[in-house]
Undergrad: 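Below are the structure tokens for one structure; questions will follow.
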Amino acid sequence: MTANDLDWWRDAVVYQVYIRSFADGNGDGVGDIAGLRGKLDHLARLGVDAIWINPWYPSPLADGGYDVADYRSINPTFGDTAQAEALLTETHERGMKVLLDIVPNHHSDAHAWFRAALAAAPGSPERDRYVFRPGRGPDGAEPPNNWESMFGGPAWERVPDGEWYLHLFDVTQPDVNWDNAEVRDDVETTLRFWFDRGVDGFRIDVANAMIKQDGLPDIVEGVNDEQDGNHPYLDRDEVHEIYRSWRRIGDSYDPPKVFVAEAWVPDPERLARYLRPDELQTAFSFNFLRAAWLAPDLKDNITEAIAENDAVGAPATWVLSNHDVARHVSRLARKPETGRGYWLDDLLDLPADFTLGLRRARAATLLMLALPGTAYLYQGEELGLPEAEDIPADQLDDPTWELSGHTKRGRDGCRVPLPWSGDAPPYGFSIDASPGVGGPWLPQPPEFAACTAEKLEADPESILHLYRDALMIRKAHPALGGGELTWKDSPEGTLAFTREPGFTALVNVSSTPVSLPEDAEILLASGPLTRYGSVPADTTLWLRNA
Ligand code: TEU
């Protein structure tokens, strides 16, 4: 194995498979391993280096599988262990790696340990695996502190004997206690379990939330509510020791296993601490996702992420969409300041132009794929899918809807089953619909008819072909992937940078055309040029330097 093979993660393009919505192989309306196996050639043709599969473990699916009941098995809704092993083999045979998702901050309340904790008495070893506390106020009827669930409402739930347990997410997702040795050992056993079966790495869910401050103090606005090391549960310095230990486990394999942290830590310097040489290899640079579609914002966020990661020798990890945020076509369909919000609920009141959104999405993709580092694609972005914005309320599944008291629709709009073919739902999502099964688990909007893989395949100008062309060039071009970027002067509202040898990216983020640099030879354009040969608004060009 060459050094380059060992470092595959430094410039990999990873495709996120939200398995529940990717492809349904058994016709029950829910995506599964069989469906994914049937579509591996789509991914290989796309040209990605790896896939990341969202949690596929046994789970009541109260939070889309981030409520794990058993970490070392497969949810029967998605398949079984034999199918998982076949998937690993078949993905590897196509030259792609496989990352899974580890959820170390909380379990499902259906986990055997949580059931045991409920059955056991306060103060028992069973309860010590979670964060149980007496309440405050008369009769302990008030929650132990003022922390709130990320989905809305208090982060505490009372059990019949009067104790409360902590859940930073849904009430069905009790936080585990990282001061408990059994908890630490159990996650390490899980990592080894999947590594031993050939899994190449893990995405780490809420990687910045596991350690809670002793005494679980209240959050005081303006005092300890920022991720600066003083927040009682976000980005505490003690979390890094966990990753040092995981890195040792990953490095004990040949080739070493890799990690990507999902840590919404806004300060890029603090985020880069997760990437020190004895910690994790990569962490999503979410500030890029959050940036407004404005040249200075994009440039600043890119520059900062690269600089902070360089300082610890780690690549930046770019991503435009995932299963938690509104699809970027729909974010970019709003005015440029959509950086202000990335959830559908932040966008609903803004007028949208989806043709513009798609044009910008194509430009944003060529920007992202020209940057040094690694990039993550979210399933369906290669089809240009918009967010499904009007799923009927009674079909919403994200716990956000209930916990916000029906004020926030949440994240279902980006989790709708993919359209593969045909002109009507389920658009080829279910290979064969089982008799009596009503269709995809979330309804597909009519706009999906124009976005099926089959239709886009037939149109050489489609976004699907743009992704394929970009990934092919990225793989072949010596300047792309890992390396450095040099910013060049460019007209206001545009970004220009070079990569050596011989590559320039020009991104026109403004709303007016700019002239094409002289002698430029176009390798790839995110959209057509104007009749006069200038670069239209919201267009990215990949150029060969003269
Ligand atoms: O998300 C972590 C998380 O905190 C996100 O809700 C994030 O804060 C938000 O999307 C952007 O600010 C992870 C998973 O990706 C998500 O699907 C789970 O619901 C959550 O953890 C709980 O496991």
Side-chain angles (χ1 to χ4, degrees), residues 14 16-21 52-57 59-69 71 99-111 114 147-153 155 166-176 187 202-210 225-227 231 233-235 239 260-267 271 274 283-291 317 319-328 331 338-347 376 378-379 387 396-404 408-416 442:
V14 184
Q16 179 189 350
V17 174
Y18 193 74
I19 188 159
R20 211 178 171 190
S21 299
W52 148 38
I53 305 171
N54 287 102
W56 61 1
Y57 318 107
S59 162
L61 298 179
D63 182 23
Y66 284 93
D67 46 326
V68 181
Y71 287 78
L99 309 183
L100 298 184
D101 209 319
I102 185 80
V103 187
N105 179 69
H106 43 266
H107 292 168
S108 162
D109 62 359
H111 193 288
F114 193 70
W147 300 359
E148 288 182 1
S149 151
M150 305 266 189
F151 298 142
L166 176 69
H167 61 90
L168 290 180
F169 292 89
D170 187 40
V171 50
T172 66
Q173 291 168 298
D175 281 56
V176 294
V187 177
F202 276 97
R203 175 257 192 198
I204 305 166
D205 188 58
V206 276
N208 56 330
M210 280 113 89
D225 57 344
E226 296 293 332
Q227 298 197 49
H231 191 286
Y233 60 83
L234 291 177
D235 193 29
V239 81
V260 57
E262 187 234 13
W264 290 80
V265 173
D267 175 352
L271 182 63
Y274 290 74
F284 295 112
S285 303
F286 286 124
N287 286 0
F288 175 67
L289 181 157
R290 279 197 266 222
T317 298
V319 57
L320 288 165
S321 276
N322 63 30
H323 65 292
D324 287 331
V325 301
R327 284 188 175 277
H328 59 268
R331 302 202 312 268
T338 44
R340 79 180 172 118
Y342 40 86
W343 280 337
L344 173 61
D345 294 288
D346 299 325
L347 304 175
Y376 279 65
Y378 177 49
Q379 69 177 38
E387 182 84 355
L396 290 175
D397 181 81
D398 183 348
T400 305
W401 176 243
E402 287 303 326
L403 287 182
S404 69
K408 293 200 159 143
R409 299 176 64 84
R411 305 160 294 175
D412 290 321
C414 64
R415 300 175 175 181
V416 172
L442 283 175

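The structure displayed is predicted, hence computed values, not measured ones. Numbering of ligands and ligand atoms starts at 1, following listing order.
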Undergrad: Run the ring-centre check on H107 versus Y71 and record whether the distance is less than 6.0 Å.
TA: yes
Undergrad: Salt bridge or not for D345 and R409, using N-O below 4.0 Å?
TA: no
Undergrad: Say whether, by atom type as modelled, one donor and one acceptor occur between the side chain of Q16 and the main chain of Q379 under 3.5 angstrom.
TA: no
Undergrad: For this output row, return yes or no: ring centroids of F169 and H167 closer than 6.0 angstrom.
TA: no
Undergrad: Not counting sequence neighbours, which residues clear ring pair (Phe, Tyr, Trp, His ring centres under 6.0 Å) with Y18? List them please.
TA: H323
Undergrad: Which protein N or O atoms sit under 3.5 Å from any N or O of ligand 1? Give each pair with its distance.
TA:
{"unit_1": "ligand 1", "atom_1": "1 (O)", "unit_2": "E262", "atom_2": "OE2", "d": "3.1"}
{"unit_1": "ligand 1", "atom_1": "1 (O)", "unit_2": "D324", "atom_2": "OD2", "d": "3.3"}
{"unit_1": "ligand 1", "atom_1": "12 (O)", "unit_2": "Y342", "atom_2": "OH", "d": "3.3"}
{"unit_1": "ligand 1", "atom_1": "15 (O)", "unit_2": "R203", "atom_2": "NH2", "d": "2.9"}
{"unit_1": "ligand 1", "atom_1": "15 (O)", "unit_2": "H323", "atom_2": "NE2", "d": "2.9"}
{"unit_1": "ligand 1", "atom_1": "15 (O)", "unit_2": "D324", "atom_2": "OD2", "d": "2.4"}
{"unit_1": "ligand 1", "atom_1": "17 (O)", "unit_2": "H323", "atom_2": "NE2", "d": "2.9"}
{"unit_1": "ligand 1", "atom_1": "17 (O)", "unit_2": "D324", "atom_2": "OD1", "d": "2.7"}
{"unit_1": "ligand 1", "atom_1": "17 (O)", "unit_2": "R411", "atom_2": "NH1", "d": "3.3"}
{"unit_1": "ligand 1", "atom_1": "19 (O)", "unit_2": "D63", "atom_2": "OD1", "d": "3.2"}
{"unit_1": "ligand 1", "atom_1": "19 (O)", "unit_2": "D63", "atom_2": "OD2", "d": "2.6"}
{"unit_1": "ligand 1", "atom_1": "19 (O)", "unit_2": "R411", "atom_2": "NH1", "d": "2.9"}
{"unit_1": "ligand 1", "atom_1": "21 (O)", "unit_2": "D205", "atom_2": "OD1", "d": "2.8"}
{"unit_1": "ligand 1", "atom_1": "21 (O)", "unit_2": "D205", "atom_2": "OD2", "d": "3.1"}
{"unit_1": "ligand 1", "atom_1": "23 (O)", "unit_2": "H106", "atom_2": "NE2", "d": "2.8"}
{"unit_1": "ligand 1", "atom_1": "23 (O)", "unit_2": "D205", "atom_2": "OD2", "d": "2.8"}

Undergrad: Salt bridge or not for D324 and R415, using N-O below 4.0 Å?
TA: yes
